[in-house]
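Shown next, in structure tokens, is the structure this report addresses.
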Amino acid sequence: MALTFFSLGVTLQVALIDAGTSAGRALAASAVIFSATSQFAWLAVREGGGSDWAAVVAGWVVASRYGILTTSLVPRLPAGVARRALAALNAFDPNVAIAIQQPTASGVEREFWRTTAAMMLGWFSGITVGTVVGNVVGDTAQLGLDAVFPAALLAIIGNLLRTRDGFVAGLAGGLICLGLLPFVPAGLPIILSVFGAVLAVAPVRGRS
Amino acid sequence: MTMSVAVIVALVIGVWGQRLVGAFVLGPWLDRQPKLTRMAGLVPAAVVMAVIVQLTVAQGRTIEVDARLAGVAVAAVLVWRRAPFIVVVIAAAAVTAALRSLG
């Protein structure tokens with residue numbers, strides 16, 4: 001877990017610095033935003049020629065999954081608004097997935113924070129190393145680093161894509177983006193891809 | 001392009017705020033909307049895949065297929081085979097870099 005977040009942190013920093021954000025700014029951004037997928041979404045829209053605000057909206061849409069994750073995590077935690085809010089703010093895909101497998105509320109909380117600690121250790125060391133590497137690495141395309149960014153995202157949603165619904169939603173979202181890309185303003189294909197999730201639910205509803 | 005302070009603040013609010021909304025507003029409400037809950041759970045698959053498409057086969061607003069696609073395709077197979085994250089990332093870079101050096 002720590003290793004995954006470490007590599008993700010390195011990857012993101014190299015991408016941000018390569019795109020033209022100063023090393024210090026990139027480090028600060030990753031430390032406070034702490035959401036590689038949102039930052040990659042912002043970057044993808046900006047590199048596609050989209051406006052800053054279209055890029056921010058894309059980042060928000062990608063982060064909407066955290067809101068979904070907390071809906072499954074929070075009811076399983078011990079009571080208390082403060083400790084629930086604190087855990088909710090640290091919800092990520094892996095720590096929630098691992099924590100909610102625990103049978104008791106205290107077990108959920110314990111596993112959650114244990115996984116979170118490992119993730120944070122990996123993330124903060126990763127973005128630090130990535131900031132140094134991003135400053136010295138020369139031609140990122142020559143090293144194949146531009147393929148690393150989408151590959152990392154693929155690994156993040158891998159478990160979801162392995163389910164039937166997740167696969168259909170992913171396929172639909174990808175095709176929506178591919179189809180719209182040449183015709184609408186940059187950023188919009190990514191924002192409109194949320195309808196891929198609607199399409200994934202639609203046929204099943206008709207069958208049942 | 002640089003991440004402006006306004007962009008960072010906006011992303012911070014969106015990323016952290018949506019967690020609180022999910023925990024204390026959306027959660028209790030979604031409990032009564034099972035279909036919406038299912039759909040909401042699929043949004044990341046759709047949207048992140050769109051970001052992947054943008055980063056893999058596009059250059060700005062034009063479709064452009066190059067060595068990136070091969071690297072990501074290898075990554076897809078590795079993800080499907082449940083390879084560790086670091087293996088996926090290194091393989092994607094290696095395949096893409098190798099193809100480019102071959103010209």
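Side chains included, hydrogens not; waters and symmetry mates left out as well; all remaining heavy atoms used. Letters A, B, ... are given to chains in the order of the sequence lines, protein chains preceding strands, and every chain is numbered from 1. The structure displayed is predicted, hence computed values, not measured ones.
Using a 4.5 Å cut-off between heavy atoms, A:Ala172 makes no contact with chain B at all. In this structure, the portion of A:Leu3 lying under 4.5 Å from any heavy atom of chain B is its side chain and not its backbone. Neither the backbone nor the side chain of A:Phe195 comes within less than 4.5 Å of any heavy atom of chain B. Looking at A:Asn159, the atoms closer than 4.5 Å to chain B (heavy atoms on both sides) all sit in the side chain, from C-beta outward. For A:Leu181, the parts lying under 4.5 angstrom from a heavy atom of chain B are both the backbone and the side chain. Heavy-atom distances place both the backbone and the side chain of B:Val5 under 4.5 Å from chain A. Heavy atoms of A:Leu143 lying under 4.5 Å from chain B belong exclusively to its backbone. In this structure, chain A has heavy atoms under 4.5 Å from both the backbone and the side chain of B:Ser4. For A:Leu73, no part lies under 4.5 angstrom from a heavy atom of chain B. Using a 4.5 Å cut-off between heavy atoms, A:Ile157 touches chain B through its side chain atoms alone. For a residue to count as touching a neighbouring chain, one of its non-hydrogen atoms must lie under 4.5 Å from one of that chain's; by this rule B:Ala23 touches chain A with backbone and side chain alike. Residue contact with chain B, scored on non-hydrogen atoms closer than 4.5 Å, is absent for A:Ala28.
With chain B as the partner, the residue from A:Arg84, A:Gln39, A:Arg25 showing the most heavy-atom pairs under 4.5 Å is A:Arg25. The candidate from A:Leu69, A:Leu171, A:Leu178 with the greatest count of non-hydrogen atom pairs under 4.5 Å with chain B is A:Leu178. Contact count against chain A (heavy-atom pairs under 4.5 Å) is highest for B:Ala45 among B:Ala75, B:Pro28, B:Ala45, B:Gly27. Contact count against chain B (heavy-atom pairs under 4.5 Å) is highest for A:Gly174 among A:Ser72, A:Ala155, A:Gly174. Ranked by heavy-atom pairs under 4.5 Å with chain A, the list B:Ala67, B:Ala83, B:Gly60 is led by B:Gly60. Among the candidates A:Gly158, A:Ala88, A:Ala87, the residue making the largest number of heavy-atom pairs closer than 4.5 Å to chain B is A:Ala88. In terms of non-hydrogen atom pairs under 4.5 Å with chain A, the most contact-rich of B:Val47, B:Thr96, B:Val95 is B:Val47. The most heavy-atom pairs under 4.5 Å with chain A, out of B:Ala76, B:Gly41, B:Ala93, B:Pro84, come from B:Ala93. When each of B:Val7, B:Leu99, B:Val57 is scored by its heavy-atom pairs under 4.5 Å with chain A, the top score falls to B:Val7. Between chain B and the options A:Pro185, A:Gly166, A:Ala63, the largest number of non-hydrogen pairs under 4.5 Å is found for A:Ala63. Chosen from A:Thr71, A:Ile17, A:Ile33, the residue pairing most often with chain B at heavy-atom distances under 4.5 Å is A:Ile33.
Residues B:Phe85 and B:Val89 are in side-chain contact: their nearest non-hydrogen atoms beyond the backbone lie under 4.5 Å apart. With contacts defined as side-chain heavy-atom distances shorter than 4.5 Å, the pair A:Leu192/A:Pro189 does not qualify. Counting only heavy atoms from C-beta outward, the side chains of A:Asp165 and A:Val201 never approach each other to under 4.5 Å.
Taking the six-membered ring wherever Trp is involved, the centroid distance between the rings of A:Phe6 and A:Trp123 does not fall below 6.0 Å. Between A:Phe92 and A:Phe34, a ring centre-to-centre spacing shorter than 6.0 Å is recorded.
The shortest non-hydrogen separation linking A:Val56 to A:Trp42 is N-CD1, 4.0 Å. Of all the heavy atoms in B:Arg19 and A:Leu89, the pair that sits closest is NH1-O, 3.1 Å. Scanning all heavy atoms of the two residues, the minimum distance from A:Ala152 to A:Leu8 falls at CB-CD1, 4.1 Å. Between B:Arg82 and A:Arg162, the shortest heavy-atom distance links the atoms NH1-NH1, 3.1 Å. Counting all heavy atoms, side chain and backbone alike, B:Arg100 lies closest to A:Ala141 at NH1-O, 2.6 Å.
The CG atom of A:Leu12 sits 4.0 Å away from atom OG of A:Ser30, with the distance rounded to the nearest 0.5 Å.
For the residue pair A:Arg65/A:Thr37, the side-chain donor-acceptor check at 3.5 Å is satisfied. For the residue pair A:Asn95 / A:Trp113, no side-chain donor-acceptor distance below 3.5 Å is found, with atom types taken as modelled.
Looking at B:Leu26, B:Val21, B:Val43 one by one, the single match for side chain to side chain contact (heavy atoms under 4.5 Å, CB included) with A:Ser64 turns out to be B:Val43.
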